[in-house]
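Some notes on the structure that comes next.
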Amino acid sequence: MDYIAIEKKWQDKWQRDDVYKFDKTKVGKKKYVMEMFSYPSGAKLHAGHWFNFGPSDSYARFKAMQGYNVFEPMGFDAFGLPAENYAIKTGIHPEDSTLKNIDTMERQLKAMGAMFNWDAEVVTCMPDYYKWTQWMFVQLYKAGLAYRKEAPVNWCPSCATVLANEQVVDGACERCNSTVVRKNLTQWFFKITDYAEELLNCLDDLDWPEKTKLMQKNWIGKSTGAEVEFTLDNGKTFRVFTTRADTLYGVSYVVLAPEHPLVDEITTPDRQADIDAYRDMVSKVNEIERLSSTREKTGAFTGAYAINPINGKKVQVWVADYVLYSYGTGAVMGVPSHDERDFAFANKYGMDITRVVKGGEGVDDTLPFVEEGYAINCDEFDGLPTSEAKKGIVEKLASIGKGKFVTNYRLRDWLVSRQRYWGAPIPVVYCDKCGTVVVPEEQLPVLLPRDVDFKPDGKSPLRKHEGFMNTTCPHCGGPATREADTLDTFVCSSWYFLRYPDNKNQDKPFDSEWINQMLPVDKYIGGAEHACMHLLYARFFVKALRDMGYLNFDEPFKSLVHQGIILGPDGQKMSKSRGNVVSPDSYIDKYGADAFRMYLMFGFSYTTGGPWSDDGIRSIAKYLDRVERLVLGYIDKTESSDDIGEEEKNLNYILNTTIKKVTEDMEAFSFNTAIARLMELTNAIYLYKGTNVNFIKDVLDKMVRLLAPITPHFSEELNMLMGKPYPIIKREYPLVDESALVKNEVEIAIQINSKIKGRIMIPTDKSGKDLEEYIIALPEVVALIGGATVRKIIVVPGRLANIIVG
RNA sequence: GCCGAAAUGGUGGAAUUGGCAGACGCGUCGGACUCAAAAUCCGAAGAUGGCGACAUCGUGUGGGUUCAAGUCCCACUUUCGGCACCA
């Protein structure tokens, strides 16, 4: 078969006949299946894209043949850093390179023969999309979920530009190698923390991989503890967060994050130089290093003292980089006796170490002792177990207004400002008279100007564009300045699944009534690397939009599957710089799209992926030839017996177990085993020696239908050759004939003392005691037992019998 | 460092979730067809020992639980994903 020719033929015909059109009148039977859209960075799709899109398209086709009305849209996450970097390097405008890449990728995606609903496409860098991204910002602002505050960025002093984490290599700028420092800028945030509790609680009900739910759970990082107020010499107070309030009597110092604003106020003149030097040093260390538990703890004394509210003890106030300003209150109490970090810190700087928790009977409670135990040296709380001591101490603090129970989350608010050009402008203007004013909805979009200078020279590209920056205040009409930052591209991807089904809507981002019927997405497929960020942001958006009244559901993605990653042949992640990118094009030219996607489905575990190798791609082509020969061999045969003998019964059994297994495997994204079953069926048909041609034709028809989601063009062709109705996607997916699966005998393994000794056939109508007695009475089994005493017998129906003797 | 995964023949990968390890392929070897080769069809095969029936060993390492462990528990090793401005 000329695969290339038939693929082209069917793709054209499918398009002419619009066979994959989503039927908006049958929304009750809808299945919304979508893959994470891709970033058009490289000029072309690589094998990894196919690995994401090909198999999931097969899943979508499988659902379509099961009678669902499938919606499988596709789009592009088109804003972002790489296009801008490319522009800086080559001078090619990001819009031009991006649109060109999208064009190429669309063409390649169409060549895949997927049933994408192209009329639902979204491209996030187009004004008709980012208009509504900006609208989202405005709604969040109105709902009190967007605010500004100072936050650090990576700053390269030599390039005078903000760097992405990715552009910082070992603390240095990837372009000029100067040391990168952190610098505070006022930036926009979304208050995702308002939803921390709900984001955590709703995880339970999602059909997502357990590991992903666990990662999100840990990312949100709920921890219950207490805030305790310490008073400084100058009368000012600050709070520390602790999960071990029971150790408050053991505090020997307190620590503020180096970024904590109080540090400036309290540092004594003689300590100022030290503190400045320390803060300068810390500004060069990234957060991952700061949190490393093996890194040596460092700190500096501010010269100030604070009073422990529980016992009036005066303790030193230090700064140390292991305290993060962004978590808890940005301050912690140091209890060296019961915390490993504090223990190391206290030893280094010569602080007191006072035990306040004792282990129970027989417990090794060598300091630092971080387990729970019983309070000692704690006045009236002595002897209380840890949990009660916590309660007692916090209640006492509460009674004097010095503490309370609080719940803390590790999750931080989402910083959405980017000091870059290639993103959606943040729709805000600053007016001397009216202050911060969001752009009214009817004035959206705030268009991203094309004629900008995006060379890095110390200013955000948009800030240099006077025509963009200078505007009038929507409130008072006076002169005003625009926000020069753009939105994080994660904002664009946090709602695109809401736009797909209503992508042409000019009046609103989507029609709520329609979207409430189309969503949530039934099956979302994408990489596990998005577990914590994209997948959490999208959930936040849906919840926020629901609370604003735009949606009536709680979660965007009911069911989630992660595909693995196809690595380069060298086992490394495919990347242009490594030069290990595998392009599908030459394979498709040689073997066709069907064979290529089937190979990807067969040669790798879908959720694991692995290093690319084309060993075996030829074997898929050979397999398809084998199927073709089989079908063509029977097509013209008209003479048939109507025998239903052993040959037919046997093959019918294999056919129906295949249908059963393949259906289950397709449902579970276990494509490699589904294909293995189909190969077994093909092998079994080859071995058929009977003469019942009508029966075989029926088996072949079912096999072709089972193959249709995996090799759509090839199966369409065979379907036509067999004279069956077009298109195959509208034909029914084969159903299992349960009666064909009934067998009256099964083979089980016989174990003596847990070692396999043989295999026997046993009737399927026996069970329990009957079966045990039947087995030990069998002559083969008696011989194996050889006169020894049977002590125990364990029978696993259909699997094995283990006879314990001796 | 912290969070989350993974490790199975020469090789890609299976294993009903605690029940016959290695399905289905690739590669290899043998046979059929052929003058021959290719293609195709049929078959063998974890390792070691044995002519053989068979025996022993075997799922990254070391322990453990169990009638039974690739699967569960403990301690490690290595690799991968994420760590909030790559997307």
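Chain naming here is simple, since letters A, B, ... match the order of the sequence lines and numbering starts at 1 in each. These numbers come from a predicted model, not from an experiment.
Comparing C26(B), C85(B), C41(B) against the side chain of D615(A) picks out C26(B) as the nearest. Each of A87(B), C85(B), C24(B) was ranked by its minimum atom distance to the side chain of E529(A); first place goes to A87(B). When each of C26(B), A39(B), G82(B) is scored by its nearest atom to the side-chain atoms of R618(A), the top-ranked nucleotide is A39(B). Distances from the side chain of E747(A) to the nucleotides C85(B), C20(B), A84(B) place C20(B) closest. Listed nucleotides C86(B), C20(B), A84(B) differ in distance to R759(A); the shortest reach to its side chain belongs to C20(B). Among G19(B), G81(B), C85(B), the nucleotide with an atom closest to any side-chain atom of L800(A) is G19(B). Of the listed nucleotides (A87(B), G81(B), G19(B)), G19(B) has the atom at the smallest distance from the side chain of V796(A). Set against U56(B), G19(B), A84(B), the side chain of M533(A) has A84(B) as its closest nucleotide. Nearest nucleotide to the side chain of E166(A), out of A84(B), C86(B), A68(B): C86(B). Distances were taken from every side-chain heavy atom of M215(A) (C-beta onward) to each of G19(B), C85(B), G81(B); the shortest belongs to G81(B).
In this entry the base of U48(B) is anti relative to its sugar, with a glycosidic angle more than 90° from 0. Under the 90° criterion around 0 for the glycosidic angle, G9(B) counts as syn.
Under the 6.0 Å distance and 45° angle rule, R597(A) does not count as a cation-pi partner of W50(A). In this structure, R410(A) is not positioned above the aromatic face of Y327(A) in the sense of NZ or CZ being under 6.0 Å from the six-membered ring centre and within 45° of the axis.
I794(A) comes within 4.0 angstrom of a base, heavy atoms only. Using a 4.0 Å heavy-atom cutoff across all strands shown, L214(A) reaches sugar-phosphate atoms only and no base atom. V153(A) comes within contact range of at least one nucleobase, with a heavy-atom separation under 4.0 Å. Within 4.0 Å of S417(A), counting heavy atoms only, lies at least one base atom of the nucleic acid. Using a 4.0 Å heavy-atom cutoff across all strands shown, I756(A) reaches sugar-phosphate atoms only and no base atom. K622(A) comes within 4.0 angstrom of sugar-phosphate atoms only, judged by non-hydrogen atoms across all strands, and of no base. At the heavy-atom level, G758(A) lies nowhere under 4.0 Å from the strands shown. Contact annotation for R410(A): base contact, defined as any heavy-atom pair under 4.0 Å involving a base atom. Nucleic acid contact class of H530(A) (heavy atoms, under 4.0 Å, all strands): base. Contact annotation for Q167(A): no contact, since no heavy-atom pair falls under 4.0 Å across all strands. Among the heavy atoms of the strands, none lies under 4.0 Å from R791(A). Among the protein residues, N683(A) comes within range of the sugar-phosphate backbone only, with heavy atoms under 4.0 Å from sugar or phosphate atoms but none that close to a base. R295(A) comes within 4.0 angstrom of nothing in the nucleic acid, heavy atoms only. Within 4.0 Å (heavy atoms only), F602(A) reaches at least one base atom of the nucleic acid.
Pairing partner, G1(B): C83(B), with both Watson-Crick or wobble hydrogen-bond distances short of 3.5 Å. When both distances must be under 3.5 Å, the Watson-Crick or G-U wobble mate of U65(B) does not exist. With a cut-off of 3.5 Å on both pairing distances, the Watson-Crick or G-U wobble partner of A55(B) is U48(B). Figure legend. U78(B) is base-paired to A6(B); pairs are counted as Watson-Crick or G-U wobble with both atom distances under 3.5 Å. G30(B): Watson-Crick or G-U partner is C42(B), with both key distances under 3.5 Å.
The six-membered or imidazole ring of Y606(A) lies near that of F671(A), with a centre-to-centre distance under 6.0 Å. Aromatic rings from W495(A) and F541(A) are positioned such that their centres are separated by 6.0 Å or more. In this structure, the ring of Y599(A) has its center less than 6.0 angstrom from the ring center of W612(A). Aromatic pair F76(A)/Y39(A): centroids not less than 6.0 angstrom apart. F189(A) has its ring centre no less than 6.0 Å from the ring centre of W414(A).
One atom, CD1 of I617(A), and another, P of G12(B), lie 17 Å apart when rounded to the nearest Å. Rounded to an integer number of Å, the gap from I565(A) CD1 to A5(B) P is 16 Å. One interatomic measurement links the two molecules: CH2 of W219(A) to P of C3(B), which rounds to 14 Å at whole-angstrom precision. Taking atom CG of residue L687(A) and atom C1' of nucleotide C42(B), one finds them 9 Å apart after rounding to whole Å.
Applying the 4.0 Å criterion to OP1 and OP2 of C20(B), one finds that N802(A) has every side-chain N and O outside that range. OP1 or OP2 of A55(B) sits under 4.0 Å from a side-chain N or O of K757(A). Here R290(A) does not reach the OP1 or OP2 of C2(B): none of its side-chain N or O atoms lies under 4.0 Å away. Using a 4.0 Å cut-off, no side-chain N or O of R677(A) falls inside it from OP1 or OP2 of A14(B). In terms of phosphate contacts, N218(A) brings a side-chain nitrogen or oxygen within less than 4.0 Å of OP1 or OP2 of G4(B). Listed pair T673(A) / G13(B) fails the phosphate criterion, with no side-chain N or O lying under 4.0 Å from OP1 or OP2. Contact check, S619(A) against G25(B): no side-chain N or O comes under 4.0 Å of OP1 or OP2.
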Please evaluate residues M761(A) and V746(A) with respect to the criterion side chain to side chain contact (heavy atoms under 4.5 Å, CB included), reporting the C-alpha separation (whole Å), side-chain torsions for both, the decisive distance (0.1 Å), and the verdict. CA-CA 5 Å; M761(A) 297 302 292; V746(A) 284; 5.7 Å; no
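Look at the P atom in both G64(B) and A69(B): the space between them is 13 Å, to the nearest Å. Rounded to whole Å, the C1' atom of U28(B) lies 13 Å from the corresponding atom of G9(B). The separation of C86(B) from G22(B), taken at their P atoms, amounts to 47 Å, rounded to a whole angstrom. C80(B) and G58(B): their P atoms are spaced 29 Å apart (whole Å). Comparing the P positions of G19(B) and C76(B) gives an interatomic distance of 28 Å, to the nearest angstrom. Between the C1' atoms of A5(B) and G27(B), the separation comes to 30 Å (whole Å). For the P atoms, the distance from G70(B) to U59(B) is 7 Å, rounded to whole Å. Remark: the separation of the C1' atoms in C42(B) and A47(B) is 27 Å, to the nearest Å.
Using the six-membered ring where Trp is involved, Y195(A) and F540(A) have ring planes that are perpendicular, over 60° apart on the 30 and 60° scheme. Relative ring orientation between H530(A) and H534(A) is described as perpendicular, the plane-to-plane angle rising above 60° on a 0-90° scale split at 30° and 60°.
Judged by distance alone with a 3.5 Å cut-off, a donor-acceptor contact links the side chain of Q187(A) to the base of C85(B).
Where T489(A) and K211(A) meet RNA chain B, the nucleotide closest to each residue was compared, and K211(A) sits on the side nearer the 5' end. Sequence order on RNA chain B of the closest nucleotides to S38(A) and Y537(A) puts Y537(A) first from the 5' end.
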